[in-house]
Amino acid sequence: QVQLVESGGGLVQAGDSLRLSCAASGRTFSRYGMGWFRQAPGKEREFVATISGSGGSTAYANSASDRFIISRDNAENTVYLQMNNLKPEDTAVYYCAARTLPFRSSAPSQYAYWGQGTQVTVSS
């Protein structure tokens with residue numbers, strides 16, 4: 001069982017940056033591939049970024065590839081999402097998720113554990 005707690009969301013202006021954090025419980029954090037997803041009102045949950053257990057492999061949605069950076073600190077059991085040059089269309093609840101394999105994945109169905117989400121609102 002893994003518990004995930006996101007933090008770092010907030011209200012910012014277009015062009016600003018935010019760094020989201022996701023703290024995980026447990027002692028085998030490096031065994032979990034991790035992902036960030038988001039869900040805007042009235043829309044389905046969508047993939048943002050994913051990272052392998054070692055941190056050596058990452059992948060991004062097209063909307064995030066040139067502005068967001070996913071990273072992890074396995075010693076701290078934490079995964080991060082650095083978001084730069086935020087746009088109003090980035091407004092959503094952001095969720096981190098963990099899968100029970102140390103590989104990255106963009107598919108929500110591959111993730112067994114989810115955090116409660118953190119709200120990101122970007123004003124124009």
Side-chain angles (χ1 to χ4, degrees):
Q1 187 77 12
V2 176
Q3 293 184 325
L4 305 172
V5 179
E6 301 99 333
S7 61
L11 172 63
V12 297
Q13 293 185 333
D16 286 349
S17 298
L18 275 177
R19 188 176 79 157
L20 305 184
S21 299
C22 173
S25 63
R27 296 180 294 176
T28 57
F29 185 59
S30 63
R31 296 183 182 179
Y32 296 92
M34 300 295 295
W36 284 99
F37 297 81
R38 68 186 183 187
Q39 188 166 19
K43 295 187 177 181
E44 293 186 354
R45 190 168 298 189
E46 66 175 4
F47 164 71
V48 177
T50 181
I51 189 167
S52 62
S54 68
S57 179
T58 60
Y60 297 89
N62 289 338
S63 60
S65 61
D66 59 346
R67 298 181 296 125
F68 295 0
I69 301 171
I70 188 171
S71 62
R72 65 190 296 159
D73 183 340
N74 287 342
E76 296 294 329
N77 282 16
T78 303
V79 63
Y80 303 98
L81 185 68
Q82 177 68 42
M83 304 187 295
N84 301 316
N85 190 22
L86 283 161
K87 303 176 181 180
E89 51 263 44
D90 295 318
T91 296
V93 177
Y94 283 71
Y95 299 89
C96 74
R99 60 186 308 230
T100 56
L101 290 170
F103 308 116
R104 58 181 171 88
S105 175
S106 63
S109 62
Q110 294 296 312
Y111 291 84
Y113 305 103
W114 292 82
Q116 82 290 349
T118 185
Q119 176 72 46
V120 173
T121 303
V122 185
S123 64
S124 59

Value for CD (Gln119) from CG (Leu11), rounded to nearest 0.5 Å, stands at 9.5 Å

How would you list all residue pairs meeting salt bridge (Lys or Arg N to Asp or Glu O under 4.0 Å) that involve residues 84-99, not counting sequence neighbours? Arg38-Asp90, Arg67-Asp90

Of all heavy-atom pairs linking Arg45 and Tyr95, the shortest is NH2-CZ, 3.6 Å

Please round to the nearest 0.5 Å and tell me the distance separating atom CG of Leu81 and atom OG1 of Thr118. 11.0 Å

Transitive ILVMFWY side-chain link Leu20 to Tyr80, under 4.5 Å: no

Which residues, ordered by chain and number, are linked to Leu101 in its hydrophobic cluster, where ILVMFWY side chains connect at heavy-atom gaps below 4.5 Å, directly or through other members? Phe103

Taking only residues at least two apart or on different chains, which pairs with a member in residues 71-124 satisfy disulfide bond (SG atoms under 2.5 Å apart)? Cys22-Cys96

Tell me, which pairs form a disulfide bond (SG atoms under 2.5 Å apart) where one or both residues lie in residues 34-92, sequence neighbours left out? none

I need the single residue from Glu6, Met83, Gln39 that forms a side-chain contact (heavy atoms from CB on, under 4.5 Å) with Tyr94. Which is it? Met83

Does Gln116 CD have over 12 foreign heavy atoms under 6.0 Å away? yes

To the nearest 0.5 Å, what is the distance between OG1 on Thr78 and CE on Met34? 9.0 Å

With sequence neighbours excluded, residues passing ring pair (Phe, Tyr, Trp, His ring centres under 6.0 Å) with Tyr111: Phe37

If you group Ile, Leu, Val, Met, Phe, Trp and Tyr by side-chain heavy-atom gaps below 4.5 Å, do Ile69 and Leu86 land in one group? yes

Looking at residues at least two apart in the chain, or sitting in another chain, which of them share a salt bridge (Lys or Arg N to Asp or Glu O under 4.0 Å) with Glu76? none

Exercise: identify the closest heavy-atom pair between Tyr60 and Ala49: CD2-CB, 3.6 Å

How about CZ on Arg31, more than 12 heavy atoms from neighbouring residues, nucleotides or ligands closer than 6.0 Å, or not? no

Walk me through whether Tyr32 and Thr100 qualify under side chain to side chain contact (heavy atoms under 4.5 Å, CB included). CA-CA 5 Å; Tyr32 296 92; Thr100 56; 4.1 Å; yes

Could you please spell out the steps behind the side chain to side chain contact (heavy atoms under 4.5 Å, CB included) verdict for Ile51 and Arg104? CA-CA 5 Å; Ile51 189 167; Arg104 58 181 171 88; 5.8 Å; no

Could you tell me the separation between the CZ atom of Phe47 and the CD atom of Gln110, rounded to the nearest 0.5 Å? 12.5 Å

